[in-house]
Amino acid sequence: MNLVLLGPPGAGKGTQAALLSQRLGTPHVASGNLFREAMEKGTEWGKKAQSYMEGGALVPDQVTNAMIEERLKEPDCAKGVILDGFPRTIEQARALEGILAERGKKIERVLLIRVSEDTLIERLSGRRTCRRCQANYHLLFNPPQKEGVCDRCGGDLYQRFDDKEETVRRRVRVYTEETAPLIDYYRHQGLLTEIDGEQGIEGVRRRILSALSLSP
Ligand code: AP5
């Protein structure tokens, strides 16, 4: 199954994509994680993305599409993929259709996680991310067992540089202007399912599984 998780920054796309990936055994491909890994390693993708990410702007489509295409060519993506944070513009959506069509595939569903602006600011301000495996935690809603340490791999937890309030507000504006048009784009194709993201993590997980007709 090829799925897209859509929603504003902090809606819970990464959290739910990771849970769904475990449930389905399908790889979780997150454009933001790929860019952060590339920045950490100092690769070309990372150098190209850094200034845009620091300012809360979108990395140009050409760069993003090329990075995603390279990732989707890897053998683990052959049977399906859960996309988180990509596509984010109509041009990216068209590029994705082309990449999948070359392999005789298409997007089966797009899940839009809806949350209010107050909720996402609360979620992003308390988020902590593992430097090594990029697992996400929240100081109140999903704390690690040991403060500052990732339950999954033992890596250090840090606050993402783009989770500062000013940058978060810019990211939300960018979402409204550049990514929200995808909602109608996918609705017209009959692919969109809206998920109420205001529940706790487990509540949202159950809603997503139910929308996909999967047992909890
Ligand atoms: P990216 O990393 O994709 O960030 P984002 O889309 O802004 O989304 P986030 O990762 O901030 O939030 P999320 O929805 O995944 O929420 P999470 O599950 O972590 O992109 C970063 C930057 O990279 C962009 O600004 C851009 O520069 C660049 N970029 C990336 N992709 C690009 C693209 N396609 N094109 C161009 N540029 C691109 O949850 C947030 C917090 O809330 C966590 O602490 C979590 O524990 C908690 N939480 C989650 N769900 C719940 C819940 N239900 N209840 C309570 N707490 C919850």
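Because only heavy atoms are used, hydrogens play no part in the values below, and waters and symmetry mates are left out as well, while side chains stay in. In each ligand, atom 1 is the first atom listed, and ligand 1 is the first ligand listed.
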Query raised in the report: After noting the C-alpha distance and the side-chain angles of Thr64 and Phe86, does the key distance pass the side chain to side chain contact (heavy atoms under 4.5 Å, CB included) rule?
Result: CA-CA 9 Å; Thr64 309; Phe86 182 91; 3.8 Å; yes
Report task. Count the heavy atoms of every other residue, nucleotide or ligand shown that sit under 6.0 Å from CD of Gln189, and state whether that count exceeds 12. Result ->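 Yes, CD of Gln189 has more than 12 neighbouring heavy atoms, counting only those of other groups under 6.0 Å.
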Query raised in the report: Has Tyr52 got more than 12 heavy atoms of other residues, nucleotides or ligands less than 6.0 Å from its OH?
Result: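 Atom OH in Tyr52 is not packed in, count stays at 12 or less.
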Query raised in the report: Within 45° of the six-membered ring axis of Tyr137 and under 6.0 Å from that ring's centre, is NZ or CZ of Arg128 located there?
Result: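 Judged by the rule, Arg128 and Tyr137 form no cation-pi pair.
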Report task. Start with the C-alpha distance between Arg205 and Glu202, add both sets of side-chain angles, then the distance that settles salt bridge (charged side-chain N to carboxylate O under 4.0 Å, His left out), and finish with yes or no. Result -> CA-CA 5 Å; Arg205 188 185 77 91; Glu202 179 55 19; 2.9 Å; yes
**Report entry** Backbone of Ser215 reached by a side-chain donor or acceptor of Arg23 within 3.5 Å
**Finding:**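 Flag set: sc Arg23 to bb Ser215 pair under 3.5 Å.
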Exercise answer, ligand 1 polar atom pairs (N/O) under 3.5 angstrom:
| from | atom 1 | to | atom 2 | distance (Å) |
| --- | --- | --- | --- | --- |
| ligand 1 | 2 (O) | Arg36 | NH1 | 3.0 |
| ligand 1 | 2 (O) | Arg36 | NH2 | 2.9 |
| ligand 1 | 2 (O) | Arg160 | NH1 | 3.4 |
| ligand 1 | 2 (O) | Arg160 | NH2 | 3.3 |
| ligand 1 | 3 (O) | Arg88 | NH1 | 3.2 |
| ligand 1 | 3 (O) | Arg88 | NH2 | 3.4 |
| ligand 1 | 4 (O) | Arg160 | NH2 | 3.3 |
| ligand 1 | 6 (O) | Lys13 | NZ | 3.1 |
| ligand 1 | 6 (O) | Arg88 | NH2 | 2.7 |
| ligand 1 | 7 (O) | Arg88 | NH2 | 3.4 |
| ligand 1 | 7 (O) | Arg171 | NH2 | 2.8 |
| ligand 1 | 8 (O) | Lys13 | NZ | 3.2 |
| ligand 1 | 10 (O) | Arg127 | NH1 | 3.0 |
| ligand 1 | 10 (O) | Arg160 | NH1 | 3.0 |
| ligand 1 | 11 (O) | Arg127 | NH1 | 3.1 |
| ligand 1 | 11 (O) | Arg127 | NH2 | 2.7 |
| ligand 1 | 11 (O) | Arg171 | NH2 | 2.6 |
| ligand 1 | 12 (O) | Gly10 | N | 2.9 |
| ligand 1 | 12 (O) | Arg127 | NH1 | 3.3 |
| ligand 1 | 14 (O) | Gly10 | N | 3.4 |
| ligand 1 | 14 (O) | Ala11 | N | 3.2 |
| ligand 1 | 14 (O) | Gly12 | N | 3.0 |
| ligand 1 | 14 (O) | Lys13 | N | 2.9 |
| ligand 1 | 14 (O) | Lys13 | NZ | 2.9 |
| ligand 1 | 15 (O) | Gly14 | N | 2.8 |
| ligand 1 | 16 (O) | Gly12 | N | 3.2 |
| ligand 1 | 18 (O) | Gly14 | N | 3.4 |
| ligand 1 | 18 (O) | Thr15 | N | 2.8 |
| ligand 1 | 18 (O) | Thr15 | OG1 | 2.6 |
| ligand 1 | 19 (O) | Arg127 | NH1 | 2.6 |
| ligand 1 | 19 (O) | Asn136 | ND2 | 3.0 |
| ligand 1 | 20 (O) | Arg88 | NH2 | 3.3 |
| ligand 1 | 27 (O) | Ala57 | O | 2.6 |
| ligand 1 | 31 (N) | Ser31 | OG | 2.7 |
| ligand 1 | 31 (N) | Arg88 | NH1 | 3.0 |
| ligand 1 | 34 (N) | Gly85 | O | 2.8 |
| ligand 1 | 34 (N) | Gln92 | OE1 | 3.0 |
| ligand 1 | 35 (N) | Gln92 | NE2 | 2.9 |
| ligand 1 | 37 (N) | Val59 | N | 3.0 |
| ligand 1 | 44 (O) | Tyr137 | O | 2.7 |
| ligand 1 | 53 (N) | Arg123 | NH2 | 3.4 |
| ligand 1 | 53 (N) | Gln199 | O | 2.9 |
| ligand 1 | 53 (N) | Ile201 | N | 3.3 |
| ligand 1 | 54 (N) | Arg123 | NH2 | 3.4 |

